[in-house]
Amino acid sequence: MRKAFFCIFFLVVGGLAAAQSDGLQSNGLQSAGSWDDPMYERFTFEDFARYEPSGMEIDFTDIDYQLLNAAIFYETNRRRSENGKPLFFHSEALERASSLHSRDMVEKGFFSHENPYDPKKRTPWLRMSIFGIDGGYVAENITEAFGIRYQSGTPVILPEGDGGDFRDYVSGEVIPPHTYRSFAESVVESWMQSPPHRANILDKQLRYLGCGAYHYKNKSFHGLDQFKVTQNFSSDLPLP
């Protein structure tokens, strides 16, 4: 059986527009360096919270996408654990499918579970099948998220020019970029507040997860740093 949720809602608050949808071993935890796939076999979500690079602010000119995807994966597993569900296994195939869709949404300028520009990648299950997920139970979450630590519902001072700093309305202080970990917490929290997305994250039939984010500057809103983010889930591993 296959499924995908097609729920989309838009928020406009405090002058900022955001589209949100629906939709180890502890050795070396303080070392710097890029994330790579074998680390998923050694890290738990508790370990990742102590992994120093996950607490670094995101440099929008030099994003470690593998680390960002890992942060979303581990935050999702943390929420699974809180709700008494078995933890997801990481799937490189699902991460590649998720990353592909997030990049396509940015580069082609759409926000949907359906890719209107490429029939071979039109639906979530077609995209997953490209990477060998060709059966079982599947689902997808998508969202569009702020790259800065803006709190929805609070007023903001807009930058004087595109690409400038957004400032807190009360203090006047610059709103800093998210860290890798705080970005993941913000994204997963938004999904957990939406029943269809929450259902995917907590579905015990879904055992494998891959996450993929892609950055862009919102040219229609003062060059605000944003991301489109995709989660792909499946009950089965890729076919050999």
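Just so it is clear, the values below take in all heavy atoms, side chains as well, and ignore hydrogens, waters and symmetry mates.
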So, using side chain to side chain contact (heavy atoms under 4.5 Å, CB included) as the criterion, who are the partners of [X] when residues are at least two apart?
X	value
N77	F45, F73, R80, L87, F88
T61	D59
R79	E75, E82, V188, E189, M192

Ring pair (Phe, Tyr, Trp, His ring centres under 6.0 Å) between Y40 and Y74, intermediate numbers included: CA-CA 9 Å; Y40 283 103; Y74 282 112; 5.8 Å; yes
Report the distance from atom [atom1] of [X] to atom [atom2] of [Y], rounding to the nearest 0.5 Å.
X	Y	atom1	atom2	value
S234	L94	OG	CG	4.5 Å
N200	Q205	CG	CD	11.5 Å
S99	F131	OG	CZ	8.5 Å
F233	I133	CZ	CD1	13.0 Å
K121	N115	NZ	CG	6.0 Å
N232	S98	CG	OG	3.5 Å

No-hydrogen, no-angle side-chain donor-acceptor test under 3.5 Å, [X] and [Y]:
X	Y	answer
S182	T179	yes
E46	T44	yes
E57	H178	no
Q231	T76	yes

Heavy atoms only: give me the nearest [X]-[Y] pair and the separation to one decimal.
X	Y	result
A49	S54	O-OG, 4.5 Å
I72	C211	CG2-SG, 3.7 Å
I142	W191	O-NE1, 3.2 Å
G164	P159	C-CB, 3.5 Å
F166	I148	CB-CD1, 3.9 Å
F183	A145	CE1-CB, 3.8 Å

Connected hydrophobic set around Y169, excluding itself, where side chains approach under 4.5 Å: I157
Got [X] and [Y] here, is their nearest side-chain heavy-atom distance under 4.5 Å?
X	Y	value
K120	R127	no
V138	P124	no
F146	F227	no
S91	L237	no
Y214	D104	no
M39	Y51	yes
L68	I58	yes
E160	D165	no

Side chain to side chain contact (heavy atoms under 4.5 Å, CB included) evaluation trace for Q193 with R198: CA-CA 7 Å; Q193 293 301 315; R198 180 186 178 92; over 6 Å; no
Qualifying salt bridge (charged side-chain N to carboxylate O under 4.0 Å, His left out) pairs with a residue from residues 219-238, counting only residues at least two apart or across chains: K217-D225
Quick one: does [X]'s side chain have a donor or acceptor within less than 3.5 Å of a partner on [Y]'s backbone?
X	Y	result
H101	E114	no
N83	K85	no
S129	L126	yes

Non-neighbouring partners of R149 that pass salt bridge (charged side-chain N to carboxylate O under 4.0 Å, His left out), sequence neighbours left out: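 So R149 forms no salt bridge (charged side-chain N to carboxylate O under 4.0 Å, His left out) with any residue.
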Check against side-chain hydrogen bond (donor to acceptor under 3.5 Å, both in side chains), Q226 and H215: CA-CA 6 Å; Q226 293 186 239; H215 170 259; over 6 Å; no
Side chain to side chain contact (heavy atoms under 4.5 Å, CB included) assessment of R167 paired with I175: CA-CA 5 Å; R167 295 178 178 271; I175 301 173; 5.6 Å; no
Validation row, ring centre W125 to ring centre Y137 under 6.0 Å: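 Centroid separation for W125 and Y137: 6.0 Å or greater.
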Full working for ring pair (Phe, Tyr, Trp, His ring centres under 6.0 Å) between F48 and W35: CA-CA 11 Å; F48 190 84; W35 184 268; 5.5 Å; yes
In one Ile/Leu/Val/Met/Phe/Trp/Tyr side-chain cluster, 4.5 Å: V174, V156: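 Cluster IDs for V174 and V156 differ.
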